[in-house]
Amino acid sequence: MSNPSIDNLMHEERRFPPTKTFSQNAIATAGLYEEAKADRLAFWAKTSRELLHWHKPFTQTLDWSNPPFARWFADGELNVAYNCLDRHVLDGNGDRIAIHWEGEPGDSRSISYAELTAEVKQAANLLTGLGIVAGDTVAIYLPNVPEAAVAMLAVARIGAIHSVVFGGFSAESLRSRIDDAGAKLVITADGGWRKGKVSALKPVVDEALALEKDFPHSVRNVLVLRRGENDVDWVDGRDLWWHEQLEGVSFEHEAVAFEAEHPLFLLYTSGTTGKPKGILHSSGGYLTQVAFTHKNVFDLHPETDVYWCTADVGWITGHSYSIYGPLANGATSVIYEGTPDSPHPGRWWEIIQKYGVSLFYTAPTAIRSFMKLGREIPDAFDLSSIRVLGSVGEPINPEAWIWYRDVIGAGTAPIVDTWWQTETGAMMVAALPGVTILKPGSAQVPLPGISIDVLDEAGHPVPPGGGGFLVVTEPWPAMLRGIWGDPERFVDTYWSKFADVPGGPKYFAGDGARLDEDKDIWLLGRVDDVMNVSGHRLSTAEIESALVSHPIVAEAAVVGAADETTGQAIVAFVILRADQADKHTPVEASALLRAHVAGEIGAIARPKRVVVVAELPKTRSGKIMRRLLQDVAEGRAIGDTTTLSDASVMQLISDGLTPPAS
Ligand code: PRX
């Protein structure tokens, strides 16, 4: 796995040790590594007991008798919402702000732990009143508003399972997720604010539930939050206003404990096939690891810090680091509804200034787009409260890293580059800001208690300087417990590539990585057919299947092409049906198909370019050679074509390129 750009990166010589003052006051010390190394399971048991309240203490830490199905803290019982709420109030911190919420139009709300606890208790009573019981699934399709946190925590409080669907997904994407999870209730809003206007949500839910005439969906009610004030249609008997339903509902609710392995949530993510996977997370192990990593990686001092994770609650980062991690730790967090540039390009920095944000967590794509706009925009705001900066979702290139530190972090804030996935539930590879000497571009080291390796194709660990596949070699508390309804796919996807290696099966993450001479980890991106666009995962197969569902398309192949801002950009190559080819110019077809994919999956999946071609490069056995299409999409010389069934195809494709769509 040679990769010249990574070889260059690995020669990055800049090093940033923590300052003495930072280290002296740091929450995490080097002792954590020693402790975890001496006895990993004892370390996690102690961490869990320290960070969480167990209604019934556990006596077993890990049951790995049936790999890859792990059970953590299995004989213990806890309530996740109680851990995020009630106990902070009982500890005397009820007046501390849990959430500073900033709406896009400029409205805002600061909600204390006491208030949030009361709201969640009331919502829990409402859910019970609607017939939701432990083990039921509830779909949540909301903007980034405090009620999303209230809904998630209320569902968790009564032992039901939430499945949050990002508000940018289409009706079809929502329908398939509701269907797969068998959701009984959908919690949505009329609409939410994005880019200066209301983006409707309720009509998408209506469409999802009506998509197939006889679709025997499981949804009994749709609970609708009023946010956008946009007009909505109403299905009597099914649709209920959130504010009306809450009237008169009690604020008293006693949290009962559930087993540590009780399911907490499903979150759908793209895999290598067209069908998204419902990643299943459970309670005790998940909460332990999100709390531990949030506290130690961000150096959280909950009494004084103000923390902001910019991710939408619809993604795993929003789940683990906007909701569960910060609330479990009694932190004060900011939640922002809208886009970074509404109504002006300095909105994020204005929010940091307004709330005195000290710990800030975002994605490299955002950092790169701010870099392009120029430092005058952030420089106009007081960002002096910033202490720690985090990065997530994709590799951060050293230029963006340095800009982030210099411009947002005043040249002093440590940057923690955190590698993890929807499946891992919580951070796995990241620096500890008071301990690690930082290297721009590298996620660096496994967290204490986490065992990571880089293996070659044969399953042997690569030596320093080598590259291969990133694996997790030991079970970890927040690991996914499976794929909803599909245990076989769980085993095949993650555990079959390195099933027969010494020490038992290894979790294959789907990422390539290299180790440098210090054994620091450099992520190389996905090695499968999964793209990473702006830190979001999309599968080539999913987009291809959306493309071929359009009547003018005969065949489609999708690749992720390197993109300066978004990491990768979606480029689609399509062959039109013979009877359609003369009816549409390539430019028209491209516009039509880009809109079609956005409608089928959601705007995040809209290809940057759709290139109409006469042929696709295929091997003699008929497999599309994406590698060659990637060469074309990235404007490189086309690689080895010897296995192509017809080598002239590549010339035809290069000749047929249309100019990029805007
Ligand atoms: O390829 C890796 C990349 O994002 C993938 C996980 O995507 P998702 O499940 O959507 O979760 C994103 C937020 C945790 C990984 O397989 N990735 C995530 N973080 C990093 C990263 N690549 C490089 N460096 C990171 N810090």
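Remember, predicted model here, so these are calculated numbers, not experimental data. For ligands, and for the atoms within them, numbers begin at 1 and follow the listed sequence.
- Cation-pi geometry between Arg481 and Phe69 is not met: the NZ or CZ atom fails to fall both under 6.0 Å from the ring centre and inside 45° of the normal.
- Phe498 does not carry Lys506 over the face of its six-membered ring by the limits of under 6.0 Å from the centre and within 45° of the normal.
- For a heavy-atom separation below 4.0 Å, the residues in contact with ligand 1 are Ile316, Thr317, Val392, Gly393, Glu394, Pro395, Asp417, Thr418, Trp419, Trp420, Gln421, Thr422, Asp511, Leu523, Arg526, Asn532, Arg537.
- Across Glu261 and Ala70, no two heavy atoms sit closer than the pair OE2-O, 3.9 Å.
- Summarising the geometry of Ala291 relative to Ala328, their closest heavy-atom pair is CB-CB, 4.1 Å, with the distance given to 0.1 Å.
- Each of Trp349, Trp348, Tyr361 was evaluated against Trp308; a single residue qualifies, Trp348, per the ring-ring contact (aromatic ring centres under 6.0 Å, His included) test.
- For the pair Lys439 and Phe16, the cation-pi criterion (under 6.0 Å, within 45° of the ring axis) is not fulfilled.
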